[in-house]
*Asks:* 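The structure's right below; bear with me while I get my questions together.
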Amino acid sequence: MVNLLGAEGHTGPAYYEGLEQCLALLKADPSLRESRDQTFRKMGHVTILADQPEAAMVIARQVKQQLRVIAKTEG
């Protein structure tokens, strides 16, 4: 499981940058939360299932690199 924390300095409606890429990963299941106060707060997690622990770790690293919780910009 990879915990998702709000990026530093971001407040307002949450936007999950990179979510589409993570949904394309095999067996990655996000659980997301809504909160306006995001900085360093837990905003959800992604559960990763795989046949081998090593495969799960590869996917977990990809999720950590691709997915950020930031404030949604207007427009």
Side-chain angles (χ1 to χ4, degrees):
M1 180 171 62
V2 175
N3 285 318
L4 304 175
L5 301 179
E8 182 176 7
H10 287 267
T11 58
Y15 175 73
Y16 294 86
E17 182 180 73
L19 182 59
E20 296 81 17
Q21 294 89 344
C22 290
L23 290 175
L25 296 172
L26 184 62
K27 299 181 182 175
D29 182 27
S31 175
L32 309 176
R33 297 182 182 167
E34 288 295 322
S35 175
R36 290 193 171 274
D37 180 19
Q38 301 171 24
T39 301
F40 299 125
R41 290 192 68 185
K42 183 173 177 182
M43 298 297 291
H45 63 270
V46 178
T47 303
I48 297 144
L49 302 174
D51 294 332
Q52 299 294 322
E54 296 82 12
M57 290 301 295
V58 168
I59 296 170
R61 284 188 205 101
Q62 289 176 318
V63 168
K64 288 175 77 171
Q65 289 175 354
Q66 294 176 354
L67 188 54
R68 286 185 26 171
V69 183
I70 59 174
K72 183 177 183 179
T73 57
E74 298 300 322

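Given the structure is predicted, the values throughout are model-derived calculations rather than measurements.
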*Asks:* For the hydrophobic clusters of this structure (ILVMFWY residues joined by side-chain heavy atoms under 4.5 Å, transitively), does one cluster hold both Leu23 and Ile48?
*Replies:*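 Shared cluster, yes.
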
*Asks:* Looking at CG of Leu49 and CE of Met1, how far apart are the two atoms once the value is rounded to the nearest 0.5 Å?
*Replies:*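 If we round to the nearest 0.5 Å, Leu49:CG and Met1:CE are 12.0 Å apart.
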
*Asks:* Is the backbone of Ala71 close enough, under 3.5 Å, to the side chain of His10 for a donor and an acceptor to pair up by distance?
*Replies:*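 Pair found, side chain donor or acceptor close to backbone of Ala71.
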
*Asks:* Of Val2, Leu4, Val46, which meets side chain to side chain contact (heavy atoms under 4.5 Å, CB included) against Pro30?
*Replies:*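 So the option named by the test is Val46.
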
*Asks:* For Glu8, give me all partners under side-chain contact (heavy atoms from CB on, under 4.5 Å), at least two apart in sequence or on another chain.
*Replies:*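 Scan of Glu8 (side-chain contact (heavy atoms from CB on, under 4.5 Å), adjacent residues dropped) gives Thr39, Phe40.
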
*Asks:* Sequence neighbours left out, what passes side-chain hydrogen bond (donor to acceptor under 3.5 Å, both in side chains) with Asn3? Give chain and number order.
*Replies:*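 For Asn3 the side-chain hydrogen bond (donor to acceptor under 3.5 Å, both in side chains) partners, ignoring immediate neighbours, are Lys42.
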
*Asks:* Checking Gln21 now: which residues fulfil side-chain contact (heavy atoms from CB on, under 4.5 Å) with it, not counting sequence neighbours?
*Replies:*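 Gln66.
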
*Asks:* To the nearest 0.5 Å, tell me how far Met43 CE sits from Leu5 CG.
*Replies:*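 Atom-to-atom, Met43:CE and Leu5:CG are 10.0 Å apart.
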
*Asks:* Indicate the atoms forming the closest heavy-atom contact of Val69 with Ala14, along with that distance.
*Replies:*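 Shortest heavy-atom contact: CG1-CB, 4.3 Å.
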
*Asks:* Please name the pair of heavy atoms, one in Ala56 and one in Ala50, separated by the smallest distance, quoted to 0.1 Å.
*Replies:*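 Nearest heavy atoms, Ala56 then Ala50: N-CB, 3.6 Å.
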
*Asks:* Is any side-chain heavy atom of Leu32 closer than 4.5 Å to one of Leu19?
*Replies:*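 Result yes, sub-4.5 Å side-chain heavy-atom pair found.
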
*Asks:* Measure the spacing between CZ of Arg61 and CD of Gln65 and express it to the nearest 0.5 Å.
*Replies:*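 Between atom CZ of Arg61 and atom CD of Gln65 there are 9.0 Å.
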
